[in-house]
> 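Have a look at this one.
Note on naming: letters A, B, ... go to the chains in the order of the sequence lines (proteins, then strands), and numbering restarts at 1 for each one.
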Amino acid sequence: MAGGAANGSDGGKAERFKELALPHLDAIYTLARYLLRSTSDADDAVQECYLRAFGHFDSFRGGPIKPWLLAILRNVCHASYAGNARLVYAADTGSELDNSQAKPIWREDSETPEQTVLRRHESETMRRLIGELPAEFREVIVLREINDLSYRDIATVIAAPIGTVMSRLARGRKMLRDAWIAAEGGGSP
Amino acid sequence: MNCEEASILLHALIDGELDAGHARDVEAHIATCPNCAAKLREFQEFRNAMTPARLLHTAPMSLRSRIEGKLPARRAARSNRRSVIKGFAVGATASALAASGLLVMVMRTDDERRILGEVVSAHLRSLQAQHLTDVPSSDQHMVKPWFNGRLDVAPPVIDLTAQGFTLLGGRLDYVDAKPVAAIVYRRRVHVINLFCAPAPGSSKRKSAMESLHGFNVRSWTENGLNLWAVSDINADELTEFGEKFEAALRQ
């Protein structure tokens, strides 16, 4: 175990890397899940991302590490799966869909458990609709709405000017909202 | 400004990404253009309907472990406590009493480390099993009584919504094979589990911040309770949570 591994400085570097990078695992994993078709592809891409990031950790110049990691993840996804049909999102598995269609067992007249439970169904729909967006719009939507990145950070991740981020976000939101209204039957999103 | 420009910039306005000058320009256009005003309202409503916390995917524990396993391990001196103990046992020409005292200390630390691991596992389980709450409610007066009869103590359930931590509900969980209360909060897209276990007769212990598997854990003892707050939010915010919770508890 620890014995054969790494001398002190490598261990120290790894500790520092883990401390900085691991708290963002869910954000990285989320982008991978939205970009790739299967969960196992997402697992592999995230692992590859962390190993690459660690390999290049010496060249990391400080500042927020989250966009840096997300950019690496995105490169991994594109390198491994570019031109491959897997770089599209597949609808959630059947079991998850079944769950979402089940009637909530909670009372519907109560107030806040309530929204939580009712929103589970809505969230499944929203996940699916985001997944159906074309990749260039999907990634900016995920980075902005779910991963909570600033425009500047999104521009870093997708290696594009801020103007591109803005126009894709505007267009992506419009597509998503139209799809949402169609899916929820013109309700009140 | 024309409608085409406004249709893009209104998103930046919603996101708070415009400087004062541009924000004024967009607002001026919207004030005179009912069409764009309606768009702004629609997208604001749509944005409110999105619940980022529910759209996030939680990485499986197996993936987390796999990644940690592939990175170089921490330095041997820090991790291999057993050899420390052995070293003392072998070279124990010195006071046996002192050595055994140290042994107890080392073992206690191991015990705390194990419980820390259990607390983090419980946190992860709650995120993955879609079983965050047994009693989902933002009303502390609903959550608190729910624990009656399920635990030996009444856990402190405090609504911190006004302080930026939304109460999501409560859950019964297990740590160290004993039932504990888990009180669940949300900060933006992040979940905080606050675990409370009875610790009868324990004296007040000041808080300690530790991290494991990329999660932060703030633990402290107060009012005969051991408390652990676990989350992936950064240490500063988790400290803020702990301090606000403690302050509210004293009121």
> What part of S150(A) lies closer than 4.5 angstrom to a heavy atom of chain B: side chain, backbone, both or neither?
both

> Any residues in residues 8-23 of chain B near chain A, with a heavy-atom distance under 4.5 Å, and which are they?
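From residues 8-23 of chain B, the residues near chain A are I8(B), L9(B), H11(B), A12(B), D15(B), E17(B).
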
> Taking the side chain as every heavy atom from C-beta outward, state whether P23(A) and F215(B) have any atom pair closer than 4.5 Å.
no

> For a 4.5 angstrom cut-off between non-hydrogen side-chain atoms, does L71(B) reach E15(A)?
no

> Taking M166(A), E19(A), R144(A) one by one, which has the highest count of heavy-atom pairs under 4.5 Å against chain B?
R144(A)

> Can you confirm whether R188(B) is buried at CZ, in the sense that more than 12 heavy atoms of other residues, nucleotides or ligands lie under 6.0 Å from that atom?
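Yes, enclosed.
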
> Side chain, backbone, both or neither: which part of S7(B) has an atom under 4.5 Å from a heavy atom of chain A?
backbone

> Please check: side-chain N/O of T30(A) versus main-chain N/O of H57(B), any donor-acceptor pairing under 3.5 Å?
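Checked: pair present.
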
> Kindly compute the distance separating NZ (K39(B)) from CZ (R173(A)), expressed to the nearest 0.5 Å.
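That separation rounds to 14.0 Å.
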
> In terms of heavy-atom pairs under 4.5 Å, which option from H213(B), R66(B), E68(B) contacts chain A the most?
R66(B)

> Is there a side-chain contact between L55(B) and M126(A) (heavy atoms, below 4.5 Å)?
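With C-beta onward as the side chain, the pair touches.
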
> With side-chain contact (heavy atoms from CB on, under 4.5 Å) as the test, would you mind laying out the steps for L56(B) and R33(A) before giving the verdict?
CA-CA 9 Å; L56(B) 196 73; R33(A) 283 293 301 273; over 6 Å; no

> Taking the side chain as C-beta and beyond, is there a heavy-atom pair between K174(A) and F43(B) under 4.5 Å?
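Yes, their side chains come closer than 4.5 Å.
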
> Can you confirm whether L63(B) sits close enough to V46(A) that some side-chain heavy atom of one is under 4.5 Å from a side-chain heavy atom of the other?
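They are in side-chain contact.
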
> Go through the atoms of L51(A) and report whether side chain, backbone, both or neither lie under 4.5 Å from a heavy atom of chain B.
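Looking at L51(A), just its side chain touches chain B.
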
> Is there side-chain contact between I67(B) and L25(A), with at least one heavy-atom pair below 4.5 Å?
yes

> Counting distance only, does the side-chain N/O of R177(A) pair as donor-acceptor with the main-chain N or O of R47(B) below 3.5 Å?
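Not confirmed, R177(A) side chain does not pair with R47(B) backbone.
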
> Decide, yes or no, whether a salt bridge links R64(B) with D43(A) under the criterion of side-chain N to carboxylate O below 4.0 Å.
no

> Would you mind reporting whether F46(B) and L176(A) have side-chain heavy atoms less than 4.5 Å apart?
yes

> Got a donor-acceptor contact below 3.5 angstrom from the D26(A) side chain to the A59(B) backbone?
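Yes, because the side chain of D26(A) sits within donor-acceptor range (under 3.5 Å) of the backbone of A59(B).
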
> Tell me if the CZ atom of R150(B) is crowded by more than 12 foreign heavy atoms within 6.0 Å.
yes

